[in-house]
Student: 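Sharing a structure, written as structure tokens. Questions coming.
Fair warning: this is a prediction, and the values are worked out from it, not measured in the lab. Letters go in sequence order (proteins before strands), and every chain restarts at 1.
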Protein chains: 2
Amino acid sequence: MFDFDKLDKLIHERGRLGIMTLLATRPSWPFQDLKAELKMSDGNLVTHLRTLHEAGHVAIIKEVHLDRPQTSYALTEKGRAAFTEYLAVLESIVKAGKEK
Amino acid sequence: MFDFDKLDKLIHERGRLGIMTLLATRPSWPFQDLKAELKMSDGNLVTHLRTLHEAGHVAIIKEVHLDRPQTSYALTEKGRAAFTEYLAVLESIVKAGKEK
DNA sequence: ACGCGAACTTTGCCTTGCAAAGTTCCGCTT
DNA sequence: AAGCGGAACTTTGCAAGGCAAAGTTCGCGT
């Protein structure tokens, strides 16, 4: 009836789902902005980002901004595709839950 | 920007999200049907159901059907309300992810 | 009395989230 | 030059929780 297997566990976890959702709304996000928005400890945040990066979902962009190091993150093609598929499952759940 | 805190952890977990979604589609579900649909071990399934029951989200209905014990499960009012709220968050995520 | 199936509990493993503290890097200040 | 401070990242340790396999209970039917 539903493909709960398709609920990619990597994306489904709360913290990472937050990251992915934010990344989907803008071309790129600086680390500090993500941290402020998601209210995670930096250790926790960087770990999730690394997990997503290792899965090929997130690209890491290192720059220097105003004489400060600034690392930004962005969805990769693969990441966007995976997220889109994930959203499709969510959508079917929402739809099923609304009709009743 | 998003209320990821509202993503009730109790419901968000894959297994329990599956249960809640199924329960939302019909008035009640026998244990065996849930098990078949979700392909969980009965130990795992009953544990999730107990967790949801203790949270007041799920009602347990014990009957005897065809001379066999048959336990069914249904959403409570509270459960349906919580699930509806959860779905609202999902919906905002889906919406945010689609526009871009 | 025995077996069987449904539902449930117990046990144990193992993953994983999470935070706190520590590390590295580097530009700026004094 | 030495030290401060902030950004980003690593390490460590803990605790929670998912999950399956095996064991338990409780009827009913033969």
Side-chain angles (χ1 to χ4, degrees), chain A residues 2-23 28-55 57-74 82 86, chain B residues 2-23 28-55 57-74 82 86:
Chain A
F2 289 103
D3 264 344
F4 291 106
D5 302 331
K6 279 195 179 169
L7 263 193
D8 187 347
K9 229 184 147 190
L10 211 84
I11 299 178
H12 188 63
E13 197 278 326
R14 246 178 57 196
R16 287 190 296 266
L17 177 55
I19 294 172
M20 292 294 282
T21 306
L22 292 185
L23 291 188
S28 84
W29 280 74
F31 182 83
Q32 290 300 325
D33 292 5
L34 287 177
K35 184 179 161 187
E37 191 73 36
L38 297 169
K39 290 171 191 116
M40 289 190 212
S41 69
D42 55 353
N44 189 14
L45 178 54
V46 86
T47 303
H48 281 316
L49 284 167
R50 188 174 50 216
T51 302
L52 290 170
H53 174 65
E54 281 166 2
H57 289 169
V58 164
I60 303 178
I61 306 156
K62 291 189 185 263
E63 301 173 304
V64 174
H65 195 58
L66 296 178
D67 290 333
R68 293 268 152 126
Q70 174 169 299
T71 306
S72 292
Y73 299 85
Y86 174 85
Chain B
F2 289 102
D3 266 343
F4 290 107
D5 302 331
K6 279 196 180 167
L7 264 193
D8 187 349
K9 231 184 146 190
L10 210 85
I11 299 178
H12 188 63
E13 198 277 327
R14 259 202 14 219
R16 287 190 295 266
L17 176 55
I19 294 172
M20 293 293 283
T21 305
L22 292 185
L23 291 187
S28 83
W29 280 74
F31 182 83
Q32 290 300 325
D33 292 6
L34 287 176
K35 184 180 163 189
E37 191 72 36
L38 296 168
K39 291 172 192 117
M40 289 189 212
S41 68
D42 56 351
N44 188 14
L45 177 55
V46 86
T47 304
H48 282 313
L49 284 167
R50 187 174 54 217
T51 302
L52 290 170
H53 174 66
E54 281 165 1
H57 288 169
V58 164
I60 303 178
I61 307 155
K62 291 190 185 265
E63 302 172 304
V64 174
H65 195 60
L66 296 178
D67 289 333
R68 293 268 152 126
Q70 174 170 298
T71 307
S72 292
Y73 300 86
Y86 174 85

Student: Consider the side chain of B/His48, meaning its heavy atoms from C-beta on, and name the nucleotide among C/dA7, D/dC19, C/dG17 that approaches it most closely.
Tutor: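 Out of C/dA7, D/dC19, C/dG17, the nucleotide with an atom closest to B/His48's side chain is D/dC19.
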Student: Taking only the side-chain heavy atoms of B/Arg50 (C-beta and beyond), determine which of C/dT9, D/dA8, C/dA7 contains the nearest atom.
Tutor: C/dT9
Student: Taking the side chain as every heavy atom from C-beta outward, state whether B/Gln32 and B/Gln70 have any pair of such atoms under 4.5 Å apart.
Tutor: no
Student: Counting primed atoms plus P, OP1 and OP2 as sugar-phosphate and everything else as base, spell out the protein contacts along nucleotides 20-30 of chain C at 4.0 Å heavy-atom distance: B, S or - for each nucleotide, 5' to 3'.
Tutor: -------SS--
Student: Using side-chain heavy atoms (C-beta onward) and a distance below 4.5 Å, is A/Thr71 in contact with A/Lys62?
Tutor: yes
Student: Which nucleotide, C/dA7, D/dA8, D/dG18, lies nearest any side-chain atom of B/Glu13?
Tutor: D/dG18
Student: Under a 4.0 Å heavy-atom cut-off, which of residues 29-38 of chain A touch DNA chain C?
Tutor: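 Listed by number, there are none.
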Student: How long is the gap from CZ on B/Arg16 to CZ on B/Arg14, to the nearest 0.5 Å?
Tutor: 12.5 Å
Student: To the nearest 0.5 Å, tell me how far B/Asp42 CG sits from B/Phe31 CZ.
Tutor: 5.0 Å
Student: Quick one: A/Glu63 CD to D/dG6 C1', roughly how many Å, whole number?
Tutor: 18 Å
Student: What verdict does the side-chain contact (heavy atoms from CB on, under 4.5 Å) test give for A/Leu7 and B/Leu17, after you've listed the backbone C-alpha separation in whole Å, the side-chain angles of each residue and the deciding distance to 0.1 Å?
Tutor: CA-CA 10 Å; A/Leu7 263 193; B/Leu17 176 55; 3.8 Å; yes
Student: Any side-chain N or O of A/Lys62 less than 4.0 Å from the OP1 or OP2 oxygen of D/dC9?
Tutor: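 Yes, within the criterion.
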Student: Would you indicate whether the side-chain heavy atoms of A/Ile60 and A/Tyr73 approach each other to under 4.5 Å?
Tutor: yes
Student: Output yes when a side-chain donor or acceptor of A/His12 lies under 3.5 Å from a complementary backbone atom of A/Tyr86, and no otherwise.
Tutor: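 It does not hold such a pair.
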Student: So do B/His53 and B/Leu49 actually touch side chain to side chain, heavy atoms under 4.5 Å?
Tutor: no
Student: Between B/Ile60 and B/Lys9, name the one whose nearest nucleotide on DNA chain C is closer to the 5' end.
Tutor: B/Ile60
Student: To the nearest angstrom, how far is A/His53 atom NE2 from D/dT10 atom P?
Tutor: 10 Å
